[in-house]
Amino acid sequence: MAKVLFKRLAIIGVGLIGSSIARAVRKAGLAETILLADPDSRVRERAAALSLGDEVFADSGEAAANADIVIVCAPVGVCGAIAAEVGPGLKPGAILSDVGSVKGAIIRAMAPHVPAHAHFVPAHPIAGTEDSGPDAGFAELFEGRWTILAPSPDADPAAVAKLRALWEGIGAKVDVMTPEHHDLVFAIVSHVPHLIAYNIVGTAADLEDVTQSEVIKYSASGFRDFTRIAASDPTMWRDIFLNNRDAVLQMLGRFVEDLTALQRAIRWGEGDKLFELFTRTRAIRRDIIEQGQDTAAPDFGRRSAAPAADHQ
Ligand SMILES: NC(=O)C1=CN([C@@H]2O[C@H](COP(=O)(O)OP(=O)(O)OC[C@H]3O[C@@H](n4cnc5c(N)ncnc54)[C@H](O)[C@@H]3O)[C@@H](O)[C@H]2O)C=CC1
Ligand SMILES: O=C(O)C(=O)Cc1ccc(O)cc1
């Protein structure tokens with residue numbers, strides 16, 4: 001069993017990511033005590049029934065008050081309010097972190113509430129599924145996947161090293177980025193792809209000349225992949241787009257430009273242009289597979305059969 005890194009670890013928001021961290025930390029023996037907090041009583045009941053931690057709180061401040069590390073695992077839009085609740089009560093030397101898919105806006109919202117005696121180290125695990133809630137989590141979610149840390153340049157190196165050790169202890173590979181670069185990278189590799197999926201599934205659902213049952217009956221694997229992504233949590237993704245607005249709009253601008261060029265190539269029968277792009281993109285897919293990055297979490301084949309929670 002690995003060495004205990006933290007005496008008391010608190011997780012605020014016990015959904016897919018929070019419950020997966022709790023399971024993984026317990027499995028690896030990285031914390032003596034795991035404290036959980038969630039405002040949703042159904043989530044607290046499930047967290048207790050699944051024995052995800054040692055204590056379950058309704059009040060985030062109470063869970064965080066005696067913790068050595070507090071990880072906020074709630075939708076991006078409420079992270080600032082949670083920091084305001086937990087910040088004043090943080091112990092001297094405590095680490096405050098998060099798992100939000102956006103970094104710049106979360107840091108602007110959370111940092112003002114972190115007292116000088118605590119350390120703020122923002123993070124983002126690049127691992128997840130389209131499911132939500134405590135039943136959807138699993139201990140292996142982060143194995144072999146990246147976690148990005150986005151500490152400020154004057155962050156305490158020991159606190160950053162401790163958070164890195166936690167993520168590595170549950171199987172993740174760790175990279176460090178500035179929040180600005182993080183938000184640009186994930187706008188193109190995660191946020192815009194989700195928007196495209198939401199859009200194409202919405203378009204197919206709204207067509208007049210193709211029925212809903214035809215869309216379902218004849219959906220080939222390409223469309224099915226989009227429907228998986230488009231089944232992702234509405235609250236989480238609304239918050240991501242509202243909070244990474246500039247980077248998403250920048251990448252969407254490029255995307256629309258390139259899509260228009262493809263539209264034109266089809267209209268004018270420019271097969272060589274289509275062929276050249278499709279050849280380049282095929283090579284990217286092969287690179288991803290060669291580098292062992294095609295370990296999509298859903299293929300762990302161990303997701304809960306429980307329906308995804310529907311948070312508003
Ligand atoms: N789902 C995914 O694939 C990934 C999600 N993330 C990030 O992780 C965070 C959590 O996402 P999930 O675990 O998927 O969501 P989830 O919906 O499964 O869980 C979120 C939990 O936060 C709780 N919550 C809501 N408001 C709260 C508040 N004010 N105080 C405390 N708890 C509150 C909810 O009751 C819920 O139990 C988000 O910021 C998301 O961007 C990061 C990587 C992957
Ligand atoms: O389910 C998928 O395909 C994902 O892309 C999961 C995911 C969602 C959001 C993140 O910030 C990181 C990973």
Side-chain angles (χ1 to χ4, degrees), residues 10-23 36-47 52 56-64 70-86 97-103 105-106 109-110 122-138 141-142 145-148 167 172 182-183 185-187 189-197 225-244 293-300 303-304 306-312:
I11 289 171
I12 313 298
V14 194
L16 169 74
I17 300 297
S19 74
S20 295
I21 295 174
R23 287 172 168 103
L36 306 172
D38 203 291
D40 185 332
S41 60
R42 292 163 305 173
V43 171
R44 291 199 302 277
E45 276 164 30
R46 288 306 296 152
L52 294 176
V56 186
F57 298 83
D59 185 307
S60 303
E62 247 183 89
V70 178
I71 308 179
V72 177
C73 303
V76 169
V78 294
C79 288
I82 294 174
E85 280 178 56
V86 305
S97 189
D98 76 300
V99 295
S101 306
V102 172
K103 294 277 62 86
I106 283 194
M110 290 181 75
H124 175 204
I126 315 306
T129 73
E130 69 281 19
D131 295 330
S132 314
D135 285 282
F138 50 99
L141 177 61
F142 310 108
R145 312 302 300 269
W146 288 103
T147 290
I148 310 299
W167 280 104
H182 168 281
D183 287 352
V185 170
F186 290 94
V189 302
S190 178
H191 306 167
V192 168
H194 273 76
L195 197 69
I196 293 166
D225 290 349
F226 280 121
T227 63
R228 183 188 75 76
I229 300 282
S232 300
D233 189 73
T235 303
M236 170 179 156
W237 284 96
R238 175 202 63 198
D239 284 6
I240 289 173
F241 291 116
L242 295 181
N243 286 281
N244 197 21
Q293 293 296 312
D294 187 36
T295 52
D299 295 341
F300 278 121
R303 280 177 302 152
S304 161
D310 199 12
H311 305 297
Q312 291 308 310

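We count ligands from 1, going down the list as the structure has it; atoms in each ligand are counted the same way. Computed from heavy atoms alone, side chains included, the values below leave out hydrogens, waters and symmetry copies.
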Examine distances only and state if a side-chain atom of D38 and a backbone atom of V14 form a donor-acceptor pair shorter than 3.5 Å. yes
Closer than 3.5 angstrom, by distance alone: can the side chain of N244 be matched with the main-chain N or O of I240 as a donor-acceptor pair? no
Identify, by atom number and element, the atoms of ligand 2 in contact range of [X], meaning under 4.0 Å from any of its heavy atoms.
{"X": "R228", "result": "1 (O), 2 (C), 3 (O)"}
{"X": "S101", "result": "9 (C), 10 (C), 11 (O)"}
{"X": "H124", "result": "10 (C), 11 (O), 12 (C)"}
{"X": "I229", "result": "3 (O)"}

Nearest heavy atom to atom 31 (C) of ligand 1 wins, so pick from P39, A136, P75. P39
Heavy-atom distances under 4.0 Å are what count here, so tell me which part of [X] touches ligand 1: side chain, backbone, both or neither.
{"X": "V43", "value": "side chain"}
{"X": "A37", "value": "neither"}
{"X": "E130", "value": "neither"}
{"X": "T129", "value": "backbone"}
{"X": "S101", "value": "both"}
{"X": "I82", "value": "side chain"}

Can you name the atoms of ligand 1, numbered from 1 with element, that are less than 4.0 Å from a heavy atom of [X]?
{"X": "S132", "result": "17 (O), 18 (O)"}
{"X": "V99", "result": "6 (N), 7 (C), 8 (O), 9 (C), 42 (C)"}
{"X": "G133", "result": "18 (O)"}
{"X": "G100", "result": "39 (O)"}
{"X": "I12", "result": "31 (C)"}
{"X": "D40", "result": "35 (O)"}
{"X": "V76", "result": "39 (O), 41 (O)"}

Please report whether ligand 1 has a polar contact with V78, defined as an N or O pair separated by less than 3.5 Å (distance criterion only). no
Does an N or O from D233, backbone or side chain, lie closer than 3.5 Å to an N or O of ligand 1? no
Within the structure, is a non-hydrogen atom of A127 found at a distance of less than 4.0 Å from ligand 1? yes
Below 4.0 Å from ligand 1: does a non-hydrogen atom of A81 turn up there or not? no
Nearest 0.5 Å, please: how far is CD1 in I12 from CG in D98? 12.0 Å
Point-to-point distance, once rounded to the nearest 0.5 Å, from NE2 of H124 to CD1 of I148: 8.0 Å
Per-residue contact class, M236 against ligand 2 - non-hydrogen pairs under 4.0 Å: side chain
Any heavy atom of W237 closer to ligand 2 than 4.0 angstrom? yes
Quick check: S190 and ligand 2, any N/O pair under 3.5 Å apart? no
